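From a predicted model like this one, the values you see are computed outputs, not experimental measurements. We use all heavy atoms of the structure for the numbers below, so side chains are in, but hydrogens, waters and symmetry mates are not.
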Amino acid sequence: MPAYICGVGFHVPAHTVTNHDLEQRVDTSDEWIVTRTGIRQRHISQGELTSDLGAQAARAALADAGLTADAVTHILCATCTPDSYCPNTATQIARKLDLRGRMAVDLNAACSGYLYSLQTARALVTLDPRAVVLVVASEVLSSRVNWADRTTCVLFGDGAGAAIVCGEKSGRGVEIIDALLESDGQYGELLTILGGGSARPYTLGEPVGEDFFIQMNGREVFKVAVRSMTDVCQRMLARHGLGVDDLDMFVAHQANLRIIEAVGKKLDLPAEKVFANVQRYGNTSAASVGIALAEGCADGTFGPGQRVLLTTFGSGFTWGAVLLQF
Ligand code: UT7
């Protein structure tokens, strides 16, 4: 069964935090952050919930698809920073869209959540070709950032990306040609948000520790990220008999400009085919590729006839690639 993305949208909080703002909080510099990551600013929630950002992105995707919310049959929310453990964030996005009676479920594959959700939506559409699946990838990472830890606090931002997936070539009519999604739990300790989970429960009155926040071995993550995204993209191209010349654009997880450029180089892609907006949003985890796709559609970077390859990498580790035909 073919599956299509018929609309995309994104939303970020209005409030921005620049590298110079961060210089006031931790021992860092604009020069260090730009040189090591490419990031210049990030959008940070001022009380907006993951479901608020997600509902806004969903509205934009519905408008892009030319649909109203009541057309939606399933809601998937990719997030590792949900509003709460229970209820899940998908039900709260549905509530904000005034939707009842639909399957609404969260999916946590960290930064790979958008691609994992697209594949899940594809499966739902295969089960029922009339399904209209709302995929929302939304994060308020700032709620789990240790603002005293310079090695992580400069990297992340908040935001949401959304897509409407259906079985008919309508709206944008972008076909999801193929998906390769993979994981390896042996790397679990290298990138974590532990505190509050069953591996690190808190007791009443106990103050949260550093493990409540994002902790990362940046150097190791960097190496495996470049290797995994390059490898999965090469296998995706090989299984369709495609070369890099057959790609019009390449969108990697927006974590770090150096990682994006390194993967682009290893794949032999010319720089102009390698999408980047990490400079303005930082690493928004699951939302990153969703925001990239929606922003690129809105400004004409992606358009009819193009073949676009998406790839992500995140905690778990999880990674993958999705091939799109516009
Ligand atoms: O979304 C999931 C995927 N996540 C990622 O892809 C992130 C992957 N990792 C990275 O992007 C990079 O490893 C970082 C940007 C996190 C770090 O860059 P790096 O080139 O690997 O730097 P490093 O960790 O090797 O640190 C170099 C130095 C250290 O000082 P010493 O030990 O050499 O004296 C750090 O303490 O830079 C120091 N440092 C900083 N200095 C100023 C670390 N963070 C900062 C900072 N400002 N914010």
Side-chain angles (χ1 to χ4, degrees), residues 5 7-12 38-39 42-43 53-54 57-58 60-61 64 76-81 107-122 135-139 141 155-165 172 174 176-182 225 228-230 232-233 236 247-257 259-261 263-264 267 269 273-299 301-302 306-324 326:
I5 296 175
V8 289
F10 77 106
H11 181 77
V12 291
I39 299 166
R42 65 289 290 144
H43 291 252
L53 302 181
D64 190 52
L76 302 177
C77 178
T79 186
C80 60
T81 51
L107 202 149
N108 181 356
C111 305
S112 296
Y114 185 76
L115 296 194
Y116 271 61
S117 302
L118 282 184
Q119 176 73 330
T120 309
R122 221 175 147 215
V135 168
V136 181
S138 185
E139 303 279 14
L141 287 157
L155 304 174
F156 298 99
D158 301 333
I164 311 291
V165 177
R172 287 203 177 265
V174 179
I176 304 172
I177 301 286
D178 196 7
L180 265 173
L181 301 168
E182 300 172 349
S228 307
M229 286 192 282
T230 305
V232 76
C233 286
M236 174 63 92
L247 290 180
D248 296 292
M249 281 304 285
F250 172 69
V251 186
H253 172 46
Q254 303 289 304
N256 180 325
L257 196 57
I259 296 179
I260 297 166
E261 288 174 352
V263 176
L267 290 174
L269 278 159
K273 288 189 181 177
V274 178
F275 182 93
N277 65 6
V278 66
Q279 303 89 330
R280 286 174 284 120
Y281 299 112
N283 180 349
T284 57
S285 188
S288 125
V289 167
I291 293 173
L293 202 59
E295 189 176 57
C297 282
D299 71 15
T301 305
F302 312 124
Q306 287 188 351
R307 193 183 276 124
V308 177
L309 183 61
L310 315 176
T311 186
T312 56
F313 181 86
S315 171
F317 290 151
T318 58
W319 64 92
V322 164
L323 187 62
L324 299 178
F326 275 69

Testing the basics here: between [X] and [Y], what is the closest heavy-atom pair and its distance to 0.1 Å?
X	Y	answer
F10	A60	N-CB, 4.1 Å
A160	S138	CB-OG, 3.5 Å
G159	L53	N-CD1, 3.8 Å
E182	V232	OE1-CG2, 4.1 Å
G113	L107	O-CD2, 4.5 Å
A287	A137	CB-O, 3.4 Å

Side-chain touch [X]/[Y], heavy atoms, less than 4.5 angstrom:
X	Y	result
L324	L293	yes
N108	C80	yes
R42	L141	no
I176	I5	yes
S285	T81	no
N277	Q254	yes

Check for a donor-acceptor pair, side chain of [X] on one end and backbone N or O of [Y] on the other, with a separation under 3.5 Å.
X	Y	result
T311	G320	yes
S288	T284	no
D248	V308	no

Return the set of residues passing salt bridge (Lys or Arg N to Asp or Glu O under 4.0 Å) with D64 (not counting sequence neighbours), or none when no residue passes. R172

Using 0.5 Å steps for rounding, measure from the [atom1] atom of [X] to the [atom2] atom of [Y].
X	Y	atom1	atom2	answer
L310	L118	CG	CG	7.5 Å
L180	L323	CG	CG	10.0 Å
F313	H253	CZ	NE2	9.0 Å
L269	E261	CG	CD	12.5 Å
I260	Q279	CD1	CD	7.0 Å
E139	C77	CD	SG	8.0 Å

Quick one: ring pair (Phe, Tyr, Trp, His ring centres under 6.0 Å) partners of Y281, sequence neighbours excluded? H43

Run the numbers on Y116 and T318 for side chain to side chain contact (heavy atoms under 4.5 Å, CB included), then give the verdict. CA-CA 9 Å; Y116 271 61; T318 58; 3.8 Å; yes

According to salt bridge (charged side-chain N to carboxylate O under 4.0 Å, His left out), does anything in residues 276-291 pair up with another residue at least two apart or in another chain? List the pairs. R280-E295

Run the side chain to side chain contact (heavy atoms under 4.5 Å, CB included) check on T230 and L267 step by step: do they pass? CA-CA 7 Å; T230 305; L267 290 174; 4.1 Å; yes

Check the pair N283 / C111 against side chain to side chain contact (heavy atoms under 4.5 Å, CB included), numbers first and verdict last. CA-CA 9 Å; N283 180 349; C111 305; 4.3 Å; yes

